Amino acid sequence: MWLLNTHTAELRDFASSKDIRYAIISHVWQQEPKEQTFHEVRAVSALCKASGSEPAVDPFSLLSRKIRDCCRMAARAGYDWLWLDTCCIDQHSSAELSEAINSMFTWYAAAQVCYVYLHDVGDDEDPAKDGSAFRRSVWHTRGWTLQELLAPACVIFLSKTWHTLGSKHSLAKALSQVSGIKEGVLTRERTDWLESVSVAERMSWAAHRQTTRIEDRAYSLMGIFGINMPTIYGEGPRAFMRLQEEILQRIPDQSIFAWGRIHPNFKNAVEDLRHGDVVETEQLAPATDLAASDAQARLEDLLAPSPAEFAHSAAIKSLSILDLATKYGIRGQVSQYTLTSYGMLVELPVSEDWVLVGMTEPDATDAAADVEATEPVTEEPAAASADEAPALPEESTVSRRVFAAVLACAENSQTLLVLLLRPVGHASSAQYVVGEYITDPESGERRYYRAALYPRFPVPTRTRGEIKTANVPFASFAPRQVYIRHNYATLTLGEARLRHAAQGQSPHRVVYTFHAPQWTLNQLQARHALAVHPTREDGLTLQVPYDVSSGKLEHAVSSAQLIDRARREVVVVRVGVGCACFDPTPTNNSLPNESTIAQLWIDARVAPIPEPGYARPYGTPLSLGELESDGHGRRAARAPCAAGRVHLCSKGKSREGELASHEALVAVFRTAGREIRVRIEPQRGFEPIRGPVWSNYGIAFEIADVVDDVDPQSPNVGEASMTAAAAAGPSTSSMPQQVQAQRAQMPPMNGDEVVYAATVPVEASPSGSPKSVLSTFFGVFRKTKA
């Protein structure tokens with residue numbers, strides 16, 4: 001380790017810290033003034049040696065004020081050597097940085113004294129009183145300062161003027177209230193002051209602390225658990241996963257699984273699971289500092305994604321296998337953990353019975369492996385004879401089963417902690433995930449709970465129909481090897497885009513976007529001489545914001561204009577959210593619900609191009625044709641609408657009023673001699689605008705000519721025809737204006753000229769219909785001399 005001489009400001013490397021008396025500094029890094037690094041301090045020392053001037057240059061005059069005051073404080077206390085992380089670690093060397101991180105807890109423990117410099121605390125008030133600057137110091141919120149508080153035996157707190165505020169022992173009560181660490185741990189009342197604390201409680205100390213690098217949330221805890229492992233900056237949250245895996249191999253403590261929400265009463269949790277509504281796994285539960293799109297999957301994992309998930313686990317205590325057997329009557333085995341591709345393989349006492357979620361009949365919910373066993377009243381199996389197993393409900397009526405697995409930890413002497421396990425896939429699967437949605441006893445909301453407290457005290461139970469008071473039958477748990485999901489490979493993958501709830505956006509305010517790429521607009525211009533407005537630098541983007549809480553029905557509309565200057569008309573295609581297509585005089589005197597208001601819709605209108613200086617008229621609604629398939633045999637449903645609109649109503653599993661990811665909607669609008677197809681489909685992996693967006697859709701326009709009142713017996717119907725105009729071709733006056741204009745601009749050439757017209761059927765006409773949808777192409781052939 002590198003130490004700084006408090007008299008000469010010289011850095012020296014020592015092979016070991018055992019035989020050296022040194023002081024160590026704990027502080028918070030500051031941007032202003034800039035901290036001096038290892039190489040800058042060595043450069044100062046080299047400059048002073050090379051100066052050769054008389055008198056010699058004082059090296060402290062070239063060092064930062066913090067280093068000068070640190071050296072002065074340590075030298076005044078009789079220490080020749082000082083360790084300060086800013087200048088005693090060569091951070092340009094990854095090997096030296098990794099060695100320092102793995103050894104830092106030991107270095108702080110070996111120091112004779114640790115000076116804690118608090119740059120944001122004055123010395124004009126009692127640091128122990130409530131609301132003092134000492135209690136509010138940012139030092140208490142940093143990740144690395146946790147081990148700097150615990151490791152040294154002697155800790156002295158200094159104000160920003162380098163005056164003593166107190167020691168770790170004199171301020172133990174205030175420190176305990178701020179940090180959540182018990183006073184006995186801070187003052188080391190027991191020789192095993194740290195080893196006697198459960199893993200969950202130690203993790204809870206770091207739950208509200210922050211680090212600049214996400215990996216440091218794990219690296220700053222290595223010394224507290226006695227773990228050494230390589231440091232790999234850039235691995236992100238995997239660092240904390242590796243730390244937990246190392247803890248499992250070194251510390252026999254299953255409280256490491258006791259994170260997240262824990263239900264206070266297992267009996268009530270079981271009752272709620274039976275009678276509560278089944279919540280699909282797509283509904284995400286909030287998790288601390290995690291993206292909402294990944295929250296559900298990570299809550300189901302065995303290991304925690306960050307220390308923040310242990311915020312409510314400070315009361316969890318570890319139990320030995322002997323305690324489980326003698327105090328609770330549960331036979332357990334020494335657990336061994338194996339990481340496999342199916343999850344973490346672990347042997348736990350798992351309940352032989354299960355709870356079927358969402359069942360309303362209590363007499364048909366649980367299946368028992370042994371009808372002789374004593375069962376709680378709330379978990380009574382279905383009545384059955386000795387020769388007949390209890391009947392199970394049909395598979396279609398059950399979403400999933402929940403088992404209970406006992407952990408070797410408890411909150412107090414009266415309750416055990418049980419994990420709630422759900423089989424993945426079929427009911428007999430050996431692979432499980434953790435947790436289920438249960439009603440919060442305080443708020444009444446459905447929240448995701450990973451575990452519950454199992455009571456040891458007597459409760460009313462039923463044995464062969466007789467109700468009596470007895471202990472909860474822990475004997476119904478049997479050791480079983482299970483695979484519990486450990487989503488190691490997907491920690492840094494998944495959706496990076498956050499939904500509105502994760503971005504702080506009101507859940508009632510959403511934004512929909514519809515985007516048409518530039519190449520589709522270019523095709524409309526080239527093939528049909530249609531200009532599209534409004535356009536951006538990259539295609540057409542329509543934004544439809546909608547506020548459900550406002551109660552307005554016709555306020556979220558955006559439109560695209562297809563301008564045809566040859567016909568002197570403009571077709572306006574509108575997309576909107578919120579339609580008044582409900583009964584205007586409801587009998588229940590209530591407004592429609594949010595799902596009715598929030599449906600997306602589309603319509604089209606045609607109007608003449610206004611003269612300059614005149615407002616564009618509202619236009620005439622276009623007639624609506626039938627909805628078409630998306631080309632894959634799937635089609636979105638069409639909701640009835642009195643306003644003549646097309647609603648993007650889904651037939652699949654999706655949010656109400658939206659298309660599923662595999663669906664597409666093709667709406668057909670007809671005007672004189674022309675048919676306009678508008679195709680809308682969900683668009684993923686693309687962000688046309690920056691900012692919070694609820695849903696993205698792609699929009700495309702297709703134009704086809706329509707020939708009305710065509711004789712079905714005409715030879716031109718159902719087959720393509722080419723008519724040469726060398727002798728009696730089609731009149732140029734029958735060609736579209738843009739083709740006539742193009743032909744008039746062609747320079748005169750020697751040779752024969754052929755004008756042709758081809759009529760091609762685009763859509764088969766229904767039986768008995770007087771109309772056929774045709775597309776007529778005009779062109780000019782010129783035969784020139786070779």
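Just so you know, these numbers come straight off a predicted model, no measurement behind them. Side chains are part of it too, since the values below use all heavy atoms of this structure and drop only hydrogens, waters and symmetry mates.
Look at E411 and K317 and you find no salt bridge, because none of the NZ, NE, NH1 or NH2 atoms lies under 4.0 Å from a carboxylate O. Taking a cutoff of 4.0 Å between a charged side-chain nitrogen and a carboxylate oxygen, E215 and R238 do not qualify as a salt bridge. A salt bridge links D130 with R135: at least one charged nitrogen is closer than 4.0 Å to a carboxylate oxygen. Using a 4.0 Å cut-off between charged side-chain N and carboxylate O, E246 and R242 make no salt bridge. For the pair R450 and E300, the salt-bridge criterion is not met [side-chain N within less than 4.0 Å of a carboxylate O].
Counting heavy atoms from C-beta outward, R261 and H312 have side chains that stay 4.5 Å or more apart. With contacts defined as side-chain heavy-atom distances shorter than 4.5 Å, the pair L221/L146 qualifies. Side chains of Q336 and E347 form no contact here, defined as non-hydrogen atoms less than 4.5 Å apart.
For Y342, the OH atom sits in a loose shell: 12 or fewer heavy atoms of surrounding residues, nucleotides or ligands are nearer than 6.0 Å.
Remark: side-chain polar atoms of R209 are paired, donor with acceptor, to backbone N or O of R142 under 3.5 angstrom.
S17 OG to W83 CH2: the interatomic distance, rounded to the nearest 0.5 Å, is 11.0 Å.
Qualifying salt bridge (charged side-chain N to carboxylate O under 4.0 Å, His left out) partners for E189, counting only residues two or more places apart in sequence or in other chains: none. Scanning for salt bridge (charged side-chain N to carboxylate O under 4.0 Å, His left out) contacts around K168 gives an empty result, with sequence neighbours left out.
The cationic group of R480 lies under 6.0 Å from the six-membered ring centre of F403 and within 45° of the ring axis, placing it in a cation-pi geometry.
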Test salt bridge (Lys or Arg N to Asp or Glu O under 4.0 Å) on K173 and E183; report intermediate values, then the result.
CA-CA 6 Å; K173 183 176 181 180; E183 291 186 50; over 6 Å; no

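No side-chain donor-acceptor contact under 3.5 Å links S198 and D253.
Checking R298, Q244, E309 one by one against L303, the side chain to side chain contact (heavy atoms under 4.5 Å, CB included) holds for a single residue, Q244.
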